[in-house]
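Heads up: the structure comes next, in structure tokens.
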Amino acid sequence: MDVLLAFTRPSLDWHALAPELTLLAFGTLITIVDIIWDDRSKQTMPTLAGIGLLATLVPILTLAVDGTERSMFGGAYVVDDFSLVLKALFLISGYIVVLMSVDYIREGDYYENEYYTLMLTSLLGMVMMSSSRDLVSVFVALELLSIPAYMLAAWRKGGPRSNEAGLKYYLMGVFASAVMLYGMSLVYGLAGSTTFDVIAQELGSGSSNPVAVLGILFVLIGFAFKVSAVPFHTWAPDTYEGAPTPVTAFLAVASKTAGMVALIQLVFVAFLVRDDVIQPFFWLISALTMTVGNLIALRQTNIVRLLAYSGIAQGGFMLVPFAVAADAPARAIEAVVIYLAIYAFMNLGAFTVVLAVARKTRSGEIDSYSGLFQYAPGLAVAMTVFLAALAGIPPAGGWFAKFGLFRALLDAGGGWAAALGVIVAINTVIAFAYYARVLMPMWFQPVTDGDERPIVVTGALGAALTVTLLATMAFGVLPGLVGHFGEVSVLSALGG
Amino acid sequence: MEATGFDSWVLSLTVFLPLVGAVVIMMIPKAYEAEVKLVALGSSLLALIIGLYITIQFNYGAAGDLQFVVDKGWIDVINSRYIVGLDGLSLPLLMLSLVTVPLCLIYSWNHVPEPGNTKAFFILLLILSTGMNGTFVAQDMILFFVFFEIVLLPMYFLIGVWGGEDRRYASLKFFLYTLFGSALMIISFLALFFLSKDSAGELLHTFDMRVLTDVAGVGIIKSTQVWIFAGLFMGFGIKVPMFPFHTWLPDAHTQAPTVGSVILAAVLLKLGTYGFVRIAIPFLPDAAISWAPWIGLLAVIGIIYGALGCLAQSDMKRLIAFSSVAHMGFVMLGIATLTDFGINAAIFGMVAHGMITGMLFFIAGSVKERYHTLEISRLGGLLKSAPRMGWILGFASMASLGLPGLAGFWGEFPAILSAYNPGAGMPEETFRTYMVIAAIGTVLAAGYLLWLYQRTAFGEPPEEFAGHEIADVNRFEWIAWTPFLVGIALFGVWPNLIFNVTDDVVAGITASVEAIAAGN
């Protein structure tokens, strides 16, 4: 009680909070503009949201230039290089998703203003997630990013599939939150604190308590739902297929990244001392996730579902470094961050092509890609680059992400790590088999419906495509670009 | 050591000029076909001219050292650098690659296979060229890996878009096999990165192939070495391809368009054997000694299996594809002996096989174009209907079966001979057995090639084609074929042109193997 009575206002570092506040301001601005100008304002919404996201990058840049590590609320909220790199990644992914959404949302006669407000809110949650170093702030950030996403998934109100998508995502998400909260309560009960630093100390000292294992596992399983790791992945394909495609892209990239970021902080800061629990857990779950995701992806005929399962498998790849979290922590974080950054661009790029093609074919079936090379060679080449990147074939960007995994595994060394490396290698091959199933009709088959009119790529989609394509190729040819950010983010996360 | 001035640019130019050409072509609208062709040929010829400059400037007195070296920062975070360099091992293969691509462009000048689209076809050939040239000059493992992989997608599309009936299956099979091998290969590269130590026992953490050649795996425990070698073996062995990973090759060759087959045979397969000589053996000589008898075994199985496979084929192109399996078996046998003689023969065999089998695939393509079939039983009388082509087929077949005086002989005969006396520390009886089996393989080779030649070239032209005018070798074919034909004869008469260049490098490799063997 004394603590409560003696409450003093925590000192706020306004500079450190500037990105969050900017984002919040723009979200509010969109709502106000909507209320005042109503219908007339619709045209400006995507622009406003885009400007908001880019404006938020400014304080992030100034913070990065400044370079000091800022910690608030007793270590619960930290702004360091790691968090800045990921905040920037969230905002850029968000910006690309906004570009992808412009025409889709406008033409679908959906609620434009609310859509962008919710997207900014969800991004705010993600931006907060990358700074959270405390169970409570992680949970708040997670809910802040998830709840708008539940609504976005059900955005096509008229479509039963979209409703199913939203509902499934919501129920599974809430269930996962409950499991996670239970785990957090156990961890808190043992550690007596919610900040990660203290948890790490408490878990490390004293005898091993089975309840600690239970708590850690529950927390990790909660996040395994969020990042759709097998066997907690069942919601993902239905949600991805039913949701509006830009939202699917948002979920597959930004939302998954947020889950991974939370896992990085939990695993590498709070739970690292219990490597006897986390390493086997992630070994198993990453091997399962890549293999099952890839095998099911082989059988898909719908491009969005295929990308959904491919996303699950990619998530499995991202979980690989966690299996050597304690043996090679620096390399492992680096590998995950690099993977996240490259994955964001290559996967968003693939979704952009899907959107552009669907504007003409009105279909998500892989067959509808037949002969794409004949009438839209640019899109076909772009899709080829993205799929090659996802498969990890140089010189497209993805190879460096896969390379990072192998590097972390071999740096850790030992039979188990090497075995996981071989599993990754085998999965790379399986993955190409289904990416090739998209490449084949595109390149090798004639147009099925005889409609060879070229595809008109709208300005916004063109911009999204350009950004993702350039980034994907640049990361492949000059991996140093992204490698640098990976390296920077390692040092600060482990520095404490 | 490092080259200066223009010499520091030449290797990068040979590698990237074709890529620049490809980018320029991308900007040219499809309708301007003549311009597309000229840019493609121009960029590849320019690369070839620079290649000739390199050949002239190359210091043959120091063929064992890397020359024209460039060492620049690339991916600092993983300590990988842009290192290119050329020695006597790279030079013949780089030249082979530089010569082959323009020939293929000329051959396809006016007849890009169905479904057409010259622009895309030439772009892919040029990208392929960049990957191949780069692999032969890269001296950093990551750079090597990137170039090694760049060739995959263009070849996949060449087979998949312009190939035959079963092209989808063949292209995917080709891709998945190679991808699997290279995924394991990169694991081995990383293991080498993390485990290699210098003589003082300090961890090196380098991808620099020059350094790794120097330390020769000392400091990595034997059992780990054997595993790392296994990964490299998968990466390179699938590419060669060695029995039992060869099954992608007949499919890919049969389905690929003519120039696809030519490039596949002439250059792509050599990436695998080159990897063995450049990376696997010098980096891990100790493991190489343990593996060599098994590689030799797979090589001779390949020789016999390929030859028997040839005898069972009814399709001319498929027969040539199986003969590739057999010939690459000889190359691998030469490498497996780990002797000067054997590895020199293997490198010679790579170049010779590239020209001869490339030539045979050219002819097969032209036969297919004229007869619209490659069924051996439906062909015949080529010497009557198109005498010049008939003679050229005869010449290439003779070269392929290893007739002395032509290039094929110098790849096969010394390889067999070297197995009589394998390198230090290796089981003599085993290799002598291999020698006998390989010798039987040459007899079989003579059998299937002569049989092929008899049935396609001798006799009367079949009635089926009686009414058709079968055109003889045309102008484009002459231009495309002459360099290979001249090369086959020239290197056959004067094999030292290649042996002199390669010998220094090979001596260096075998010296380090012998040092290790003596230590054991």
Side-chain angles (χ1 to χ4, degrees), chain A residues 328 334 338 373-374 377-378 380-381 384-385 387-388 391-396 399-400 402-413 415 418 421-422 424-433 435-437 439-441 443-446 476-488, chain B residues 19 26 30 73-78 80 115 117 119-120 123 127 130-131 142-143 145-153 156-157 159-163 167-169 171-173 175-195 205 224 227-228 231 234-235:
Chain A
E334 207 180 333
I338 289 174
F373 180 63
Q374 311 287 332
V381 169
T384 308
V385 170
L387 293 178
I393 298 157
W399 76 270
F400 191 65
K402 295 259 179 3
F403 177 83
L405 303 187
F406 289 131
R407 194 158 79 111
L409 287 173
L410 287 161
D411 193 18
V422 173
V424 173
I426 294 170
N427 270 292
T428 310
V429 180
I430 304 178
F432 186 80
Y435 294 130
R437 290 194 31 174
L439 292 179
M440 280 182 177
W443 286 79
F444 304 169
Q445 279 178 359
V477 180
L478 297 168
L481 293 174
V482 67
H484 170 69
F485 289 115
E487 203 170 46
V488 165
Chain B
L19 190 65
M26 277 179 211
K30 214 172 176 176
W74 182 39
I75 320 176
D76 296 332
V77 281
I78 58 167
S80 164
N117 198 343
K119 181 178 163 183
I123 288 177
I127 299 177
T130 288
I142 300 303
L143 194 63
F145 172 76
V146 170
F147 282 127
F148 194 81
E149 297 289 283
I150 284 179
V151 301
L152 283 187
L153 272 182
Y156 170 73
F157 287 124
I159 301 174
V161 179
W162 289 274
R167 56 183 191 271
R168 294 180 57 165
Y169 171 75
S171 58
L172 190 60
K173 194 170 174 184
F175 203 106
L176 293 183
Y177 264 76
T178 348
L179 190 64
F180 180 64
S182 45
L184 294 177
M185 182 177 86
I186 190 78
I187 296 182
S188 289
F189 280 4
L190 275 159
L192 282 167
F193 174 83
F194 281 116
L195 298 176
H205 286 282
T224 315
W227 279 107
I228 299 175
M234 291 298 284

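Chain naming here is simple, since letters A, B, ... match the order of the sequence lines and numbering starts at 1 in each.
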Which pair of non-hydrogen atoms, one from [X] and one from [Y], has the smallest distance, and what is that distance?
X	Y	result
B:Ile150	A:Pro395	CG1-CD, 3.8 Å
B:Val161	A:Trp443	CG2-O, 3.8 Å
B:Ser171	A:Phe444	OG-CE1, 3.7 Å
B:Ile75	A:Gly480	CG2-N, 3.8 Å

[X] versus chain B, heavy atoms under 4.5 Å apart: side chain, backbone, both or neither?
X	answer
A:Phe373	side chain
A:Val477	backbone
A:Trp399	side chain

> Who among A:Asp411, A:Val422, A:Leu439 has the most heavy-atom pairs with chain B under 4.5 Å?
Replying inline: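 Ranked by contacts with chain B, first place is A:Asp411.
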I'd like to verify something: which residue of [options] has the highest number of heavy-atom pairs under 4.5 Å with chain A?
options	answer
B:Leu184, B:Leu179, B:Ile187	B:Ile187
B:Ile142, B:Leu152, B:Asp76	B:Ile142
B:Phe189, B:Tyr177, B:Trp162, B:Tyr156	B:Tyr156
B:Phe157, B:Trp227, B:Phe145	B:Phe157

Taking side chain as everything from C-beta outward and backbone as N, CA, C, O, which of these in [X] sits under 4.5 Å from a heavy atom of chain A? Side chain, backbone, both or neither.
X	value
B:Ser80	neither
B:Leu153	side chain
B:Phe180	both

>> If the condition is salt bridge (charged side-chain N to carboxylate O under 4.0 Å, His left out), which residues does B:Lys173 pass it with, not counting sequence neighbours?
In response: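 Counting only residues at least two positions away or on another chain, B:Lys173 forms a salt bridge (charged side-chain N to carboxylate O under 4.0 Å, His left out) with B:Asp251.
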>> Given 3.5 Å as the limit, does a donor-acceptor pair link the side chain of A:Arg407 with the main chain of B:Ile78, or not?
In response: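 Here the side-chain-to-backbone pair does not exist.
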Do the non-hydrogen side-chain atoms of [X] and [Y] ever get within less than 4.5 Å of each other?
X	Y	result
A:Leu410	B:Phe193	no
A:Ile393	B:Phe175	yes
B:Leu172	A:Met440	yes

> Should we say atom CZ of B:Phe194 is surrounded by more than 12 heavy atoms from elsewhere, each under 6.0 Å from it?
Replying inline: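 For B:Phe194, atom CZ is crowded (more than 12 foreign heavy atoms under 6.0 Å).
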